[in-house]
Structure formats: structure tokens, C-alpha cells
Asker: 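Structure in C-alpha cells, see below.
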Amino acid sequence: MTQKIRNQRLSDEEFQRIRREEVLPQWETGKDIEDLDECIAAAKELSQGKSHALKHQEAEDRGIHLLMPQFGRALTEYTIEGLQHVEAEGLAPDGVWIIFSDSYTRKLDFERAAAGIERSRQEGMSMLNGWPIVNFGVEEARRIRRASQVPLTLNSTDEDGRLASEIALAAGWNGANTRSLQECVAHCKDIPLEEEIRINQYESRLAAIYTEKGVPICTHNACNLTGYDSPGYRSFVVVSQSLLGAEQGIKYQFLENGLNMNLIQDIAMVRVTKRLCQEYTRRFGYDVKFFTGGYPFLGAWPPRLEEANAMIAWNAIIPILGDFTTAILKSEDEAFATPTKEGMAGSVRLARHLLTLMGTQKMPESEESRLEEAMIELEVRTLLDKCLEAGDGDMVVGMCKGVEAGWVDTMLTPWKYNKGKVMVMRDAENAVRYFDPGDIPLPKEVLDYHREKLAGREKKEGRPLDFQMVVQDLQFASILPKRQPPSIQAE
Amino acid sequence: MTQKIRNQRLSDEEFQRIRREEVLPQWETGKDIEDLDECIAAAKELSQGKSHALKHQEAEDRGIHLLMPQFGRALTEYTIEGLQHVEAEGLAPDGVWIIFSDSYTRKLDFERAAAGIERSRQEGMSMLNGWPIVNFGVEEARRIRRASQVPLTLNSTDEDGRLASEIALAAGWNGANTRSLQECVAHCKDIPLEEEIRINQYESRLAAIYTEKGVPICTHNACNLTGYDSPGYRSFVVVSQSLLGAEQGIKYQFLENGLNMNLIQDIAMVRVTKRLCQEYTRRFGYDVKFFTGGYPFLGAWPPRLEEANAMIAWNAIIPILGDFTTAILKSEDEAFATPTKEGMAGSVRLARHLLTLMGTQKMPESEESRLEEAMIELEVRTLLDKCLEAGDGDMVVGMCKGVEAGWVDTMLTPWKYNKGKVMVMRDAENAVRYFDPGDIPLPKEVLDYHREKLAGREKKEGRPLDFQMVVQDLQFASILPKRQPPSIQAE
Amino acid sequence: MKRRHVNKAVVIGTIGADAHMIGGWVLEKAFREAGFTVAFLGAVVPQQEFINAAIEIDADAILVSSMYGMGLLDCEGLRDKCIEAGLDDILLYVGGTVAAPIELEKNWPEIERRFREIGFDRAFPNTCTAEEAVQALKTDLGLE
Amino acid sequence: MKRRHVNKAVVIGTIGADAHMIGGWVLEKAFREAGFTVAFLGAVVPQQEFINAAIEIDADAILVSSMYGMGLLDCEGLRDKCIEAGLDDILLYVGGTVAAPIELEKNWPEIERRFREIGFDRAFPNTCTAEEAVQALKTDLGLE
Ligand code: B12
Ligand code: B12
């Protein structure tokens, strides 16, 4: 990449040029959505009463929580069948779907996606890990839209989700994401951050155009990342992305925060993230409405029903107690395959009953929560401000410099531009702490705080911290206990 | 009853007389435990490494939580099979059993219990709701003791559990309860409180004698009550019982607090209860060690797996976050029958995994929790002090007067001596509040606090509180949502 | 079945050594609301007490609640005692968690068979709401 | 199978468009600890890269990780390419959550059958620990 990218809104001409030359030609189904105004008009009708943005606004007004399960199968029939099953079992009306596309689609390998569809038909099973939205095109996506009672959002996250989002939005789904670092770190290998940002400026602009023309789009602004990242890094990613999306004109963002499993830390992370998104977007003169969601644990899950249910419950309780708008759900199938309809219906029932049981209970503020928030906030502000400084007030320029220099860094990603000097570890309360902060500019008091917390684990386990623990932590929630056969037999 | 009862230790002669004349003759198996010293010696050996008291002490020292599932079948074989199954699936080593006796046994109707055993053999199913410990006698109880790897405690709660506890203790189980009001309110109909206290002075003294002779016994001091009682009343029952047990010489008490489903209120209740137990026992010069446990929701459970799992999870999370020593477990079978071994194994796995996930996370203190504690404490102190005043320093005399006058009162019990003027209701956070305090001496600020909380529910639901809500609250956690069939069919 | 005159009166209670009374309490409210005379006996009620109360209020039906699992055992003989007392055609309902073994409790047709065998007219699982109970009795009494 | 000399060297990577690399990372650590030379290729690795690396380090085995569900599709043809490249007797292992349909993923014998059919020597479910993986390879190489 030689082209220098900045945080700047795409002009209408530039947008149209990219659409025509880069995006729609990616696959043959692009030609069915050439007329953008027609698409927007159709979307307006199709998403009537099923708008992600408005559903969230309504939930906030009513003081309730939404549930957000996930589903996606290689064939449209399977996908519709699954959605309807789960909706009937308790998702509707206060729910929203995340529908996966498959990983070939995400890598723009539509030939292999086509082969996967064929293969799925032959085998009578879903041989792809999601619904290949681009291969099926806009009319099939509209069929799904009509078959469901609740808002649909698309998860087709990777380097380039533009065509997938175009099709989804034109079908009355909520398709778009506010992404940059999130994608590089989670799913990419070779793409430079500049190029990823350029691609996603288009997608954000697309969402903004729909919004401006009367179809409010609420993008997902996620920090699932590698599934094992410090809360400060997660929060930084979301706040920086919020600025990128806002510049393109996005008015609603759903902050999808990957949870690390510590109640206080996770809630603190989400509160700080939302607060800083508001503060920084305002500072730059944008006007954006933010909703919050908790994305369930993204490390290895246990391969047994009861342990999975413990995960499902704890991952719903954190968002409820944290007063996030939405609890995203995984299922008992997590360790094996993408969720089945039965598995997802089970999670919805479990989470719904938690909502019944818990009423409007919330986690109160405490000294501990204030301290945790203060520490995360300090870390994130330091990073944000360093970016803005390095970028001369331009977040995009600063982020790119930060990654290059390694002071924006995380641990375990396939992305070659990440330095990977950072090392994180769980403390005794399973909060994620820096074991080694690498080159990130962690304020001394934050580093001391993390060290102190890790010392607590050292004390609890009665052995010094070492690299082996870092490795073990990756599977802390997936290893099942050994059976304990009776030592004394009944007589 | 003409005999006036006081909170006073039974003399050895009186104890021996009651044992010989009242307790052992209740059923023929009483004769196998005539020699108390022999029983204690056997218990000492059999409970080696499986002592309830010492296991709790160890858990406290190690900073871990114990799990306490429940089981009991009409026949010994079924019972042993179940215990071993659950222990192998994760209960051992850090668990403790509650073994139910059946309800005939609890009412001393050993003839019907015998018929139930016979019937169970004929039908090849457990036709009783627990293991009839008295009919089977001490040798069978020892067989169970040997077959299990963890401490056993007996739940044979009702008017008179003396013979059952004698047999259990002699078999190396932990048999005894510290009971008075708990039993009257939960299981009795006609017995006067004085008589119930007299009966239980014996049981407490029995536990103390075992302890004095080298077999430490930790009694259950419970407030399960009607399953739907205000936290203040629950706490009052436990603290008053702690004094009665302590006077008889009990050195360890397991405070088994029925949970009402509000995180902050339940934790506050348990903390206040433990604190006041310590304070009041010390004030009277007793030296008692207290452990805490959370008894799962005792209202109607949902008749479906996933909803039951939500209950199991929330009922384990409250004790873990509250740092209670032990989480008592119910199972997915709760709405249908006493737990199956498969159901209990499932609960153990789920709860164990929560322990893994949560590490040493605890609920921090907050303004809300301090206020809740202060309100409960004020209510309980007022009741305790009023009892001591009315009883001229004697808790027993005061309690009896309080019940008679109706200022010790709860809502829904079969016990005819309870006035039942009190009415409780859930607030918007599902905490239990006084809708009508009847004649209990609730300090004005406590009453105001409850009213304010109930007003919050009124506001949330947008309708005035009424009696119908009291009735609905009884089934708030058991009604399953209706299916929502798709309104629009897939094309 | 030949039906006697209808008096809109029921006896409600929990049988045997069973201390559960919340279900009965909820039923009582619902039946009163529906215009019935109710003799509510609470919990731990012996068979004979049900019969005495039924005679006293001239009841159309005895609603036996049994929650603790020994309902099948506790209800045996009640129909005979009714007949002895001259209450030949009184309706006998049972409801709750009536059977200790889960194999039985989840096999409702078998439960119903067993209760019919000992002279009961209907058996209700504990998922039955108070409104459903009222509705069933009204139907059986030809009230609606 | 006739075995060539043993070089204690393995190639590890995640195949196809699959971005998961934590499992491979854990395996790498374990194999290094056990004294193996490891070429760790990370994620999103095309078939040819595995083969190039295997030639470069003279590997005894290629350990293909596949987590995202399209393992069966992505692995087809790898054995043929190995043979073309002269790696006739190299061991081919696959591991992870290899099949998108849960019906298949929970039917491990069928998964093994399918992978054997396309020339793999072993297939491991994602409950396999790194230590077990090391042990299996040592056994196959006659090292223990
Ligand atoms: C609350 C409760 C208690 C309270 C009772 C408080 C009170 N004052 O009543 C307390 C804590 C004291 C208690 C004690 C015991 N309980 Co209890 N208890 C329950 C629980 C959790 C809820 C029952 C309830 O109140 N439901 C709410 C009311 C409104 O609903 P309901 O009773 O089901 O009634 C409705 C319907 O069933 C129907 N209905 C009921 N009767 C009838 C009759 C007719 C004719 C009709 C038409 C309809 C009908 O209409 C009602 C309104 O909808 C149940 C489990 C559950 N269901 O979740 C266990 C349960 C009933 N208890 C059980 C047991 C075993 C006991 C104990 C022996 C202790 C123990 N081992 O746990 C003691 C009983 C001792 C004794 N002598 O009876 C078992 C019974 C097992 C079985 N059937 O095989 C249960 C099922 C729990 C379990 N799974 O182990 N219990
Ligand atoms: C962490 C994770 C991620 C992280 C990956 C981070 C990273 N840097 O690797 C992120 C968030 C980025 C991610 C993304 C996606 N993921 Co993912 N992810 C997981 C998760 C939760 C854990 C995987 C993990 O790291 N485990 C810990 C490591 C240590 O264990 P492991 O990988 O299993 O490896 C061990 C063994 O399997 C074995 N092993 C592995 N390979 C091999 C090879 C050989 C030869 C041998 C002997 C042994 C062996 O040894 C290892 C050590 O014990 C799993 C679900 C689960 N298992 O709980 C889903 C899961 C693998 N992901 C899944 C999917 C679908 C995706 C996405 C497409 C997004 C989505 N729809 O959710 C994208 C992938 C996009 C792409 N292009 O690949 C699905 C795959 C479905 C399927 N197989 O049918 C899973 C199963 C979740 C689910 N149930 O839906 N994911």
C-alpha cells in the first residue's frame, strides 16, 4: 500500500466508483443490487418492525434486555427452519439474530462456497459453517427476512465483507459492521491495516447511506479479536472503530464486547467502552447512539452439556447484571460445531428464564468496580491519545503507526503485522491481566495494578507464575474433570 | 403443654431418661443403639476423613466452596448406587451429601414406611420420597457410610427427628439439626412451639455429646421455612436457633439459609445472619463456629430442563459470589420428583464448572448491599431483642410469647399456631418485601424501605400492587413461556 | 355417572403426612373467586377429615392435593370411605406431584390409570393451573 | 507402512481459509518441548505451503489443524500433492473440529473413515491434548 489513508468520509463519487468497480463485480449476484435506491426502498419495507436499530432503542426505553442467538447453515431451507424453531421457542419478540455466513464467503472464495453448497445438497448435511449469502444473493436473503419475526444481523466478518453487507442490507437485514483492527486481528493474515480500513470505510458509508435514506442501520462494532485479549485492548479497538464509523456517518452502533469471564472486569470494560465512545465521538463532533452487548467467552468451550450450560448461564448473567442492552448467546454445541437449532433454542430458554429470575437486578457500583473502571479507562485513554498524537489528530493514521511500532499489540493472532510481544494471563478471579505488556504504553499504576492482581494468583496457587500457565489458561474452561470412581465398594 | 420450657441445657440424667423412655422405644431399631459410648466409638472410626464439621473447616481454610447435593431412595441399594454415581461424576472429594429420609419416617409413622419399603420392592421403584433410616436401622446406615467418599448429613426434618438422628450419628453420618421454629413452620400442623423446642433440646444435646466425646458434629441450622419468607424472618429464625443449639453445647453450626433469588438481598441475609449468630452466641458466652450455605429457591420450579438449569446456575452463583462456604444443589427433576442420580450429577457438573469459571470472584460491598444489610439487621435485632425482653433474657420464652402474640409471624404455613397476618411480595428486582407486615415490630425505616422498593415494582409494571400479585408471585419461576409460532410462513 | 344436584361446594386439602399447602391455598382462592363454597383443610389432612368436611358443606367434589410423592399410597381407600359415608357420587380429584418415582410421575397415563383404579375421577399434574382446575370441575358439574 | 529414517521434525499449521491458530500454537510448544524440530506455519495455510515446509525441514509428519468446519473439504488432495512432491511416506495427521455438520462431528468413526479414505493416517477430535498428540506421533515413529 502506498496510498495514505485518513479518517475521512468517502465522497459520493468515490463511493459509487468503488461500488461499481470493486464491490458488485466480486460475484455474479452483485448485478441484482445495482440500483441502490431500489434496494433501499425494498429494505425499508422488508425491515418494517424488524429494525435492529429501532429494536434496540425500544429495548432501552422499556428497560429490558434482548437476546441475540447465532445461526447459519449451508442451505436456505435449513437456515429458515432453524430461525423459526428458535423464534417459536422463546426468541420472539424480544430477540435479534446473528446469522453467520460461511468462511469461504468471508474470504471471497465464492467458487469454494458454491462447491460447498453442492456438496451439502449431495450429503444432505450442512457442509459449510454458515449461510453463503453472496452465492445465494438478494432474493434468497429476502426470503429469509420474510420468514423471521425479529431483526436479522449478518456476521460475515473478515477482510472484506462489502458485497455480503450490500446484499444483506438490500434484503432488509442489518448487515454492516464497523471494523478495522477487529478483523485484522481476528481473521486476517496478510492485509495491511490501511487497506482494511479503506475497505471498511466503504462498508460504513454504505450503512450511513441507508440510514440517511430512512432505513436506520445499527452496525456491529466488535472486539472479539483473538478471543483472549486484555480488556484495555478490546476497549481501545471498539472506541477507535467508533470514530471511523462515525466519520462515515453511522448513527447507531452496537458495541459488541467480547467477555473475559470476570464479572467486575467485564462490566467495567463495557461501561468504559461506551463512555469513551460517547466522549470521543462527541469530541470530534459526531452524533452517535451506542447500545451495548456482551459477546460470550471466545476461548475453548467444554465438550459436555452441563459444563456448557454453566458457560451459557454465566455469559448471560454478566450482561444482565451489567445492564448491557443485549446478551449474545452461544450454545451447548460450541465445542463441536456451529449451533444447532435445538442447541440455540435451549440457550434462549435458559437465558430467558434468567431474565425472569433476575428481574431488574443490576450490579451496583463498588470500590472494586470503580478501581477496575479507572484502570481500564486510563489504559485506553493513554492508547487513544497516543494514537491521536501520532496521527496528528487523525485516529486512522495513529492506529496504523501504533501497530507498526508495536505499541498497539495483542497476543495470539494469525495477522502478520501484529508484533505479539504482549502476554496476558488470568488472575485468581479469572480477570485477564498483562503478564508482559510488551511495548504498549501502559501507565505505571495500571501495570502495578495488574502485577498486584497476578501476585494474588501466585499466592493462591502457591507457585510462581510461568509461561506454562499462559498456555494452560487457554484451556481453563474446556478441560473436563476426571471421573472419581468409588474407592470403597458397597458391600 | 403446661410444662414451662426455658433455654437451658439438659442434664445428663434427663438426657438419658428421655433417650431410654421416649426416643429409643419409638421403633424396634432403637435397641441396636442402646450403648451410646459404643455408638460414638463406631462413629469415630466410620467418619474418619468424612466429617461434615472438619470438611467445612478445611474448605474455609483452603478458600474453596463445597457442593452439597441431595438424594434419598426407598431402598438402600438405590441410595448407594445414586451416591456413588454422583460422587464419581464430580462430587468427590469436595462435596457433602444431604440424604433425605421419607416423609412417613419424619412423622414417626414407621408402619407406613415399612409398607412403602415393601411396596417399593414389589414395584421395583422407589415409592417413598426418601430413605427410611429408622426402619433400616444403624447397620444399613453404616453400609451407606462405607459406600460413600464424602461426609453424609441427614435431612429428616419434622417435629421429631431424634431417633433418626441417633441412628445417623451412630453410623458416622452427621445427623443432627438445630431446629425449633423452622420445623413448626415448614412441616408441622399441631405441635406447640414449647414442645418442639423440648424435643430439639434433646437432639442438640445429643450432637453436643458426640462432639464432646471426640466426634465433632456440625448441625444444620436451617430457615427453609415455607419457601417464601422475608429475609428478616429467615435470619431471625436461624439466629434464635443458634442460641438454643449453643446452650446445649453444639460447637459447629451450618447456617442453611433459604435463598429468595435476589443476589444482593440473599447475600445480605446470609452475612447478617452469620454476624448476628456470632454476636448473640458470644454475648451469652457460647463458643460456636459457624459455616454458611445457600439453600436453593424453595418455591415452584419450572418443569423443563433449560429453565431448571437457569435456576441451578443462579442458585449456585449467589452462594459463590456471596462467599458462602457451601452451595446446596437442587436438580432438573425438582418440579417432578426427588432428584434422580442423573439429575444430581448434572447439577454437580454445572456448579463445579461455575466454580472453575468464576475463580475466587466475590460480590464486593456497595452502597446498595450496605443498605440492604442494615435494613435486615435492624429488623432482626428488633425481633431478637424483643424476644429477649419478653423472655426476661431467655430466648425460648421470648420466642414462644412472640408466636403467641403474633409479632413473630410468616405467611403460608400449615402450622396452626402461626398467625399468618404477614404478607410478602417480590419487588422489581425479585427481592422479598413486606406487602403487609401484620403485627411484626418492623422499625419504621425498614417498613419505608420495603414500601419504596415495592413502589419500584408498581412503577415498572405500571399498575397498583394487589393481592393477585401475591398469588402470582408464588409461581413466578415455574410458568413456562407460551410457544410463539411463526406468523409468516417461509415461502 | 348419574349426578346429584349441584351445590357449587368443594373440599380442598393436602392428604396424609404431606405438609405442602401453597397449591391448595392457590386453589382455594380460585374456587372462591369462581363462586364456590370452599372448605379449605390445609395440609396433613387424614382421609376422614375430607369426608367430614364434604358432608358438612354438602360438597360436589373433594380436591385432594398431594405433593410429597406418596399420593398413590395415601389415596387408597378414600373412595370406599366415601361410599361408606353415603357420598357415593361425589367427585374425587387428585392433583400435584403425586408419585415419588420419576418414572411414574413422567408417565401420566399410567398415573391416571392407577387413580381411576382406586376410584378417582380425575388426576392433574402440577403444571395444572388453578384456572384449569376450576374449568375442569365446572365441566364435570355441567356448569358451563 | 515402511518407515523412512526418523528426523523428529514436524510441520504444523491450520489449513485453508481457517484463521484459528491457538491450537497449533499450543501443539508447537508441546512438540518443541518433546525435542522435535517444528515448522509452525500459523493459520490460513494453503496445501502447497505445508509441503514446501515439510521438504525444507525433512519432516516426518504434517500436522494439519482444521477448526472452522471445512476440514474435510480443505484436506482433499493433500496426500496426492505429497506423493507428487516425493513425500510418499510422510505421516498425515489432522485434528480439531474438522466437520461443520454436528451429525458428522459427533460420529468420530465416520470422520476417521473419511480421512483415511483421502490418505490421512490419523484424525484427532478437539478433545485431544497436545500431550496426547505428541504421544501418538512418537508411537507411530517408533520413538517410544
Ligand atoms: C414449596 C415446597 C415446599 C415447602 C412447602 C411450603 C408450604 N407451606 O406448602 C416446604 C419447604 C415446607 C417443603 C417441604 C417438603 N418438600 Co417440598 N416442595 C416445594 C416445591 C418447591 C414447590 C411447591 C409449591 O408450593 N408450588 C407452588 C404451588 C402454587 O403449586 P402446586 O403446589 O404445584 O399446586 C398447583 C398445581 O399442582 C395444582 N394442584 C395441586 N394440588 C391439586 C389438587 C387438585 C385436585 C387439582 C385439580 C390441582 C392441584 O394446582 C396448584 C395451582 O396451580 C416443590 C417442587 C416444585 N413443584 O417446584 C417441592 C416438592 C413438592 N417437595 C418435595 C419434598 C420431598 C418435600 C419434603 C419431604 C422435604 C424434601 N425432601 O425436600 C418436605 C415435605 C415434608 C412433608 N411432611 O410434607 C418433593 C416431592 C417429591 C415427589 N413428589 O416425589 C418436591 C416435588 C421437590 C422435589 N423434587 O424433591 N416443600
Ligand atoms: C477461539 C476461537 C476463535 C478465535 C480464534 C483465535 C485464534 N487466534 O485462533 C476467533 C474469535 C478469531 C474465531 C473465529 C472464528 N471461528 Co472460532 N472458535 C474458537 C473457539 C471458541 C476455541 C478454539 C480454541 O482456540 N481452542 C483452544 C485450543 C488450544 O484448542 P484447539 O484449537 O481445539 O486445539 C487443540 C486440539 O483440538 C488439538 N488439535 C488441534 N488441531 C490439531 C491437529 C492435529 C494434527 C492434532 C493431533 C491435534 C490438533 O490440539 C490442540 C491442543 O489441545 C472454538 C470453539 C471451541 N472449541 O470451544 C470456535 C470454533 C472453532 N470457531 C468456529 C467458527 C465457525 C469461527 C468463525 C467462522 C466465526 C464464527 N462463525 O463463529 C471464525 C473463523 C473465521 C476463519 N476464517 O477461520 C466454529 C467452527 C465450527 C465447525 N467446526 O463446524 C467453532 C467450533 C465454534 C462454534 N461451535 O461455532 N474463533
Asker: Taking every non-hydrogen pair under 4.5 Å, which of B:A115, B:P414, B:A186, B:P302 racks up the most with chain C?
Answerer: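 Option with the greatest count: B:P414.
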Asker: Inter-chain polar pairs, chain C versus chain B: which donor-acceptor atoms lie under 3.5 Å apart?
Answerer:
{"from": "C:A43", "atom 1": "O", "to": "B:K189", "atom 2": "NZ", "distance (Å)": "2.6"}
{"from": "C:V44", "atom 1": "O", "to": "B:K189", "atom 2": "NZ", "distance (Å)": "3.3"}
{"from": "C:Y68", "atom 1": "O", "to": "B:N129", "atom 2": "ND2", "distance (Å)": "2.7"}
{"from": "C:D74", "atom 1": "OD1", "to": "B:Y104", "atom 2": "OH", "distance (Å)": "2.5"}
{"from": "C:E76", "atom 1": "OE2", "to": "B:R119", "atom 2": "NH1", "distance (Å)": "3.0"}
{"from": "C:E76", "atom 1": "OE2", "to": "B:R119", "atom 2": "NH2", "distance (Å)": "3.1"}
{"from": "C:R114", "atom 1": "NH1", "to": "B:E123", "atom 2": "OE1", "distance (Å)": "3.1"}
{"from": "C:R114", "atom 1": "NH1", "to": "B:E123", "atom 2": "OE2", "distance (Å)": "2.9"}
{"from": "C:R114", "atom 1": "NH2", "to": "B:E123", "atom 2": "OE1", "distance (Å)": "2.6"}
{"from": "C:N126", "atom 1": "ND2", "to": "B:A335", "atom 2": "O", "distance (Å)": "2.9"}

Asker: May I ask you to name which of C:A17, C:G42, C:G69 has the most heavy-atom pairs under 4.5 Å with chain B?
Answerer: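 Max contact count across the listed options: C:A17.
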Asker: Go through the structure and list residues passing ring-ring contact (aromatic ring centres under 6.0 Å, His included) with C:F124, not counting sequence neighbours.
Answerer: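 Here the qualifying residues are C:Y93.
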Asker: Mind ranking B:P303, B:A335, B:C188 by heavy-atom pairs under 4.5 Å with chain C and telling me who comes out on top?
Answerer: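 Among the listed options, the one with the most contacts to chain C is B:A335.
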Asker: Among the options B:G227, B:G130, B:A337, pick out the one with the most heavy-atom pairs lying under 4.5 Å from chain C.
Answerer: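 Most pairs with chain C among the choices: B:A337.
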Asker: Which bit of C:I22 comes within less than 4.5 Å of chain B, counting heavy atoms only: side chain, backbone, both or neither?
Answerer: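 Only the side chain of C:I22 comes within 4.5 Å of chain B.
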Asker: Quick check: closest heavy atoms across C:L72 and B:M127, and the distance to 0.1 Å?
Answerer: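 It is CD1-CE, 4.4 Å.
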Asker: Measuring heavy-atom distances to chain C, does B:L474 have an atom under 4.5 Å in its side chain, in its backbone, in both, or in neither?
Answerer: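 Only the side chain of B:L474 comes within 4.5 Å of chain C.
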Asker: Under 4.5 Å from any heavy atom of chain B, what part of C:M70 do you find: side chain, backbone, both or neither?
Answerer: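 Its backbone and side chain both get close to chain B.
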